[in-house]
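As the structure lists them, so they are numbered: ligands from 1, and atoms in each ligand from 1. Values in this document were obtained by computation on a predicted structure and should not be read as measured data.
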Amino acid sequence: MGDLDAGTKAEVLIEALPYIRRFWGRTIVVKYGGNAMTDDLLARTFAEDIVLMRSVGMRPVVVHGGGPQIGELMARLGKEPEFVDGRRVTDAETLDIARMVLVGKVNRDIVSAINAHGALAVGLSGEDAGLITATARDPKLGFVGDVSGVNPAIVVRLLAEELIPVISTIGSDLAGQAYNINADTVAGAVAEALGAEKLVYLTDVEGLLKDIDDPGSLLSSVTAAELEQMMGDGTISGGMIPKLEACVRAVKGGVGHAHIVDGRIPHVLLLEIFTRAGIGTMVGA
Ligand code: ADP
Ligand code: MG
């Protein structure tokens, strides 16, 4: 922005004013994952955006994934992924690795990047203070969990203290057994439990594409009903499925809007929240 003239700089700032007023005191859940997490510049701009949101009175909550980082440590430890009926199995050792990477490394890195700007972020695992209760998805798949309940009390308390919760998606059952849970699913469930204004997914594509091979086929706005129809017709596959399922649930459950945006764009969050530019895909009820 160094090369913009003063008038343009002022205009850019003023464009943000209605959004700052509208979202003051509102909760915005951001799921952080994919590319945006492994690139240093993008990790830094993500932390700046989160801090800026907090600084103008919004209440950001970060939920993060870490699939690639888990895969990387498994490879380093020489642990081969196991499959049953084509589906990946999370045995006790894999769960330990996932928990170490998510809670011990990825979470810490995000907290540190945010806290370079002030004492703001607090890392949590879904196991903390009963935040995420989980049940086994299918005993054959080991310790992969589904969300059976969210108790957002700890998050509400941190937000009331003007802190920024950063959540790893390990949940536990009533007996204290830990499960690895899909971060997209957790982000949606947390947004719903908090009555969030927005749920934003940072991913590694432009947004929801009508044709996965055509970046020009971005759908800038869809309703939950349209998504449910697309879910049945094969338009959506792979990692986009849990995101869109979570979006549908969240907007039906009272979350204002859900967004899927391109985490490869520096400051994409800032662009989504503070400007008129429509970015990525917006999901409404
Ligand atoms: P993340 O780390 O953000 O969870 P994922 O790989 O799990 O990333 O999910 C995003 C991926 O979903 C995209 O890179 C793309 O390959 C896939 N995908 C499947 N169907 C679609 C679609 N219709 N539009 C966009 N992406 C899609
Ligand atoms: Mg994914």
Atoms of ligand 1, numbered as shown, that sit under 4.0 Å from any heavy atom of Lys31: 1 (P), 4 (O)
Contact (N/O only, under 3.5 Å) between Leu209 and ligand 1: yes
Qualifying residues under salt bridge (charged side-chain N to carboxylate O under 4.0 Å, His left out), relative to Arg76, sequence neighbours excluded: none
Under-4.0 Å salt bridge between Lys105 and Glu72: no
Student check: side-chain heavy atoms of Met231 and Val248 closer than 4.5 Å: yes
Residues Asp91 and Thr94: side-chain donor-acceptor under 3.5 angstrom: yes
The one among Thr38, Thr203, Ile236 that brings a heavy atom closest to atom 8 (O) of ligand 1: Thr203
Atom indices of ligand 1 within 4.0 angstrom of Gly207 heavy atoms, with elements: 24 (N), 25 (C)
For Lys243, the ligand 1 atoms whose distance to one of its heavy atoms is below 4.0 Å: 1 (P), 3 (O), 4 (O), 8 (O), 9 (O)
Atom indices of ligand 1, in the order listed, that fall short of 4.0 Å to a heavy atom of Leu208: 22 (C), 23 (N), 24 (N)
Nearest-0.5 Å distance, OG1 of residue Thr169 to CG of residue Asn107: 10.0 Å
Non-hydrogen atom of Ser237 closer than 4.0 Å to ligand 1: yes
Exam field: side chain Asp173 to backbone Ala134, donor-acceptor pair closer than 3.5 Å: no
